[in-house]
Number of protein chains: 4
Amino acid sequence: MAKVTQAHIEARKGAILRAAARMFVRKGVDAATMQEIAAEADLSAGAIYRYFPSKDDLLRAVCGGAVDATREMFDRATATTSSARAALHEIGTAAWAKLSDPASREDVMLGLESTLAAVRQGDVLGDERRQVNRAIIEMLTGLIREAQASGEIDAGVDADALAATLLACHLGTGLLALQLGGEVDTDAIHEVVAHVIDRLAPAASRS
Amino acid sequence: MAKVTQAHIEARKGAILRAAARMFVRKGVDAATMQEIAAEADLSAGAIYRYFPSKDDLLRAVCGGAVDATREMFDRATATTSSARAALHEIGTAAWAKLSDPASREDVMLGLESTLAAVRQGDVLGDERRQVNRAIIEMLTGLIREAQASGEIDAGVDADALAATLLACHLGTGLLALQLGGEVDTDAIHEVVAHVIDRLAPAASRS
Amino acid sequence: MAKVTQAHIEARKGAILRAAARMFVRKGVDAATMQEIAAEADLSAGAIYRYFPSKDDLLRAVCGGAVDATREMFDRATATTSSARAALHEIGTAAWAKLSDPASREDVMLGLESTLAAVRQGDVLGDERRQVNRAIIEMLTGLIREAQASGEIDAGVDADALAATLLACHLGTGLLALQLGGEVDTDAIHEVVAHVIDRLAPAASRS
Amino acid sequence: MAKVTQAHIEARKGAILRAAARMFVRKGVDAATMQEIAAEADLSAGAIYRYFPSKDDLLRAVCGGAVDATREMFDRATATTSSARAALHEIGTAAWAKLSDPASREDVMLGLESTLAAVRQGDVLGDERRQVNRAIIEMLTGLIREAQASGEIDAGVDADALAATLLACHLGTGLLALQLGGEVDTDAIHEVVAHVIDRLAPAASRS
DNA sequence: TATGAATGAGCGTTCATTCAT
DNA sequence: AATGAATGAACGCTCATTCAT
């Protein structure tokens, strides 16, 4: 019995989480009502409170989920490549693919939404959110250093700064895509970024 | 009578605008209450309505101000340089300088805040906001084309995509700075970006 | 569950409707607050919105109820009589009986209240309200024509005008009763009206 | 100086009173704001308070004025006729003429508005308002008694009730006209009423 | 005397949260 | 475990009234 119940609980939590993410994105964290989230999860208004003690906690959980998804995506990308630069390109491709996918527009908005929330009320979901980007930068920095060591990228470039730049580029592309919709060609931006990485090869190796 | 009143009116409007910007940023557009904005402007709640007919209009005005400021900044930067690439660098410097200034953190957040609002309820301030970034991309594209024509930038690069990339980079840097605070070295990112632009010079021109 | 809920819902709606009618009359549509209406219905302020989407809808519902009641009253009166003049008298008796009943003072005030509202903001409940009196006049006109055809009323009288006059008399009596309270003998007015109808018999039939 | 000032004060009071009456009628007592009334009187918002201590007092004064106007109209009508029945007809003609005049629609609405207000908050303007109709009924009763004495009206009719009936008819006609606008032919109603009064002549006198 | 900016109480309405069922 | 009716605090906004000028 315990097992079944436990499974049910997790299933419900997941359903609520998905419903909440959907509504947070569709209408904004503030405008999304618990009623709507409950309806989206085929539940009644009060039922959510059996699984999450408050709307804030729900937001935290939703963002935490987004964080995990991102981390996973990253791990997968690095695992399937050998050269450091190849890994960087693979990660870039995966990351920008998400931006082309209309479905991921929601993730971008959730990211912005939670970034704003994080900046404002540092306690609710600040640290968690912060750590994702910090971790991404660290990973990218590591890969860039590897690429520099193997002569794929000019050693004169500040690895940490380049990592931050790449992440900024990706976040900014998402923001633009969000705002300008189809007007902005995210793939073209990706090509520019990929091209730039190639250009950052040491002068000697490009003769 | 008229003089004092007219001056007062403009002063009040400015004070309210500043107070609103401050509160919108500090607590978010939705969470910021008219009471708080009024208090921040040393006014009573209802007094704001003598100057702005609704909270939405206040938001619009605040964002409109940000928009104007951005446009001005751009115009100034382009006016004081001769070569296209120099103009790009000048603009980059000016743009990134704003990110270093803790005071401009507010502008970034307002931008995000209004982007989210624009995406969701396109009517309130969507178009205006959208057009700013569209205009920026167009201007950058123009400068890049000039630089390509004068041999400062490789003609093989998609000018429009590069323009979008640069803007995305800047927006993303702002976002990161917002989230990670002092941990992220925005000036270092700027250096990387400037360096990348240099690297985009045609191969021939680079010895 | 369903049974109890459904019954409760209707009961609540009724209670709210009655409370609203009471407060609209007691303090005026504008002065009556949702808080007061809720309190009168032993509910909290926000609870009303589960049953009626706005104060305007509540007003509409309250007036619609009054309308239905009036129509019913009329139908009943006409159904139980044979001669047209008898029907007229029956209707008069029923109508004036309502005026004697202190409880119906509320209906009169609601009528005035909604007339004023209708005249000013035709949309909210104007047409509905208007049609009631229009319908009443039409019905009365029909009966008067019948009575004229059967020689009970002088054919020289303008049936439509007489119908309007009778309705005006009734409305005005209500108004007077409202204003002068017990000082005005509504039954005496009714007698006068009934007597007048008799006097309107064709000269020939009065030997 | 005192005289001039006094005259000015009265002029201002009159202007404010007229402006208030106009706005009370146009938008309803509650919806009419002091700002609007002031604007209508070419005054600033606060200036009214030099002449009337509150909006309630303004309402009282406005209604008092309407009362006086009515009384005057009545006096004039009775002064110019000899026979009692002629006076009744004259009064009827004058009264109904006001209903035909679109400008007097405002008076009707003010009357209803103030009746409602009187019924609800008996102190503010209740008694004054009440006395007008009481006085009218008394006057009519007197005339009817005279007419009965001189054989113009059947002595069997309850004079007081007939007076109330006539007043009710007039009030109700105003109400109907208000609600149904041009659809209701107030003059036709007047004809009916006049005709009815004729029919109330003693049987003997009608051969 | 007149202005009109400012106040502040109060309105209709919404919604996170609770709790009897 | 789940419901959904109810609460109550707060929000945006309006306006009668006050008061420095």
Side-chain angles (χ1 to χ4, degrees), chain A residues 5 8-9 12 30-39 41-59, chain B residues 1-2 4-5 8-9 11-12 30-39 41-59, chain C residues 1-2 4-5 8-9 11-12 30-39 41-59, chain D residues 5 8-9 12 30-39 41-59:
Chain A
T5 298
H8 264 269
I9 284 182
R12 281 267 196 252
D30 287 306
T33 71
M34 293 299 267
Q35 296 275 356
E36 290 167 335
I37 294 170
D42 280 320
L43 241 57
S44 73
I48 293 180
Y49 288 85
R50 221 164 254 290
Y51 302 95
F52 300 93
S54 77
K55 197 183 178 183
D56 269 4
D57 284 87
L58 194 49
L59 174 60
Chain B
M1 190 172 81
V4 177
T5 297
H8 264 249
I9 280 182
R12 282 275 192 245
D30 288 308
T33 72
M34 292 303 265
Q35 296 274 357
E36 288 167 337
I37 294 170
D42 278 322
L43 243 54
S44 77
I48 294 181
Y49 291 86
R50 189 171 295 284
Y51 303 95
F52 299 94
S54 74
K55 195 184 180 184
D56 269 5
D57 283 87
L58 193 48
L59 175 58
Chain C
M1 190 170 81
V4 176
T5 296
H8 265 248
I9 280 181
R12 284 274 192 243
D30 288 308
T33 73
M34 293 301 266
Q35 296 274 356
E36 289 168 336
I37 295 171
D42 277 322
L43 241 55
S44 76
I48 292 179
Y49 290 85
R50 190 170 294 286
Y51 303 95
F52 299 93
S54 74
K55 195 183 178 182
D56 269 5
D57 283 87
L58 193 48
L59 174 59
Chain D
T5 299
H8 264 269
I9 285 182
R12 282 266 196 254
D30 287 306
T33 71
M34 292 301 266
Q35 297 274 357
E36 290 168 335
I37 294 170
D42 280 322
L43 241 57
S44 74
I48 294 180
Y49 288 84
R50 223 163 252 291
Y51 302 95
F52 299 94
S54 75
K55 197 184 179 184
D56 268 5
D57 285 87
L58 193 48
L59 174 60

Nearest whole angstrom, please: distance from the [atom2] of [N] to the [atom1] of [X].
X	N	atom1	atom2	result
B:D30	E:dT14	CG	P	15 Å
C:D57	E:dT13	CG	P	9 Å
B:I9	E:dA5	CD1	C1'	9 Å
B:Q35	E:dT7	CD	P	11 Å
C:H8	F:dA6	NE2	P	8 Å
A:D56	E:dA16	CG	P	11 Å
A:L59	E:dA16	CG	C1'	14 Å
D:M34	E:dT3	CE	C1'	15 Å

Next item on the list: Specify the closest pair of heavy atoms between D:A38 and D:S44, including all atoms of both residues, with the distance to one decimal.
Entry: CB-O, 3.4 Å
Margin query: Can you work out whether C:P53 or D:Y51 has the more 5'-proximal nearest nucleotide on DNA chain E?
Written below: D:Y51
Next item on the list: Find which nucleotide of DNA chain E each of C:G46 and C:T33 is nearest to by heavy atoms, and output the residue with the more 5' nucleotide.
Entry: C:T33
Note to self: Let's see if you can work this out: which of F:dA6, F:dT17, E:dT17 has an atom nearest to the side-chain heavy atoms of A:K55?
What the structure shows: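 Within the option list, the nearest is E:dT17.
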Next item on the list: Please tell me which of the listed nucleotides, E:dT3, F:dA2, F:dA5, lies nearest to the side chain of A:S44?
Entry: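 Per side-chain heavy atoms of A:S44, the pick is F:dA2.
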Next item on the list: Quick one: label C:A32 by what it contacts on the DNA or RNA (base, sugar-phosphate, nothing), any heavy atom closer than 4.0 Å.
Entry: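 It contacts sugar-phosphate atoms only.
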Margin query: Within the 4.0 Å heavy-atom criterion, would you say D:A39 contacts the bases, only the backbone, or no part of the nucleic acid?
Written below: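 If one applies the 4.0 Å heavy-atom cut-off, D:A39 turns out to touch nothing in the nucleic acid.
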Reported [atom1]-to-[atom2] distance for the pair [X] and [Y], which is rounded to 0.5 angstrom:
X	Y	atom1	atom2	value
B:I48	B:K55	CD1	NZ	10.0 Å
C:D57	C:Y49	CG	OH	10.0 Å
D:R12	D:L43	CZ	CG	5.0 Å

Next item on the list: Provide the Watson-Crick or G-U wobble partner of E:dA20, both distances under 3.5 Å; none if there is no partner.
Entry: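 E:dA20 is paired with F:dT3.
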Next item on the list: Sort out the partner of E:dT13 for me: Watson-Crick or G-U wobble, both distances under 3.5 Å, none otherwise.
Entry: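 By the stated definition (distances under 3.5 Å), F:dA10 pairs with E:dT13.
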Margin query: Using OP1 and OP2 only, check whether a side-chain N or O of B:Y49 sits under 4.0 Å from F:dC13.
Written below: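 The answer is yes; a side-chain N or O of B:Y49 sits under 4.0 Å from OP1 or OP2.
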Checklist line | B:R12 vs E:dA6: side-chain N/O to OP1/OP2 distance below 4.0 Å | finding: yes
Next item on the list: Decide if atom CD of C:E36 counts as having more than 12 heavy atoms of other residues, nucleotides or ligands within a radius under 6.0 Å.
Entry: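 Enclosed.
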Next item on the list: Find which nucleotide of DNA chain F each of B:A45 and C:D42 is nearest to by heavy atoms, and output the residue with the more 5' nucleotide.
Entry: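 Result: C:D42.
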Item checked: Which residue lies more 5' along DNA chain F, comparing A:L43 with D:A47 via nearest heavy atoms -> A:L43
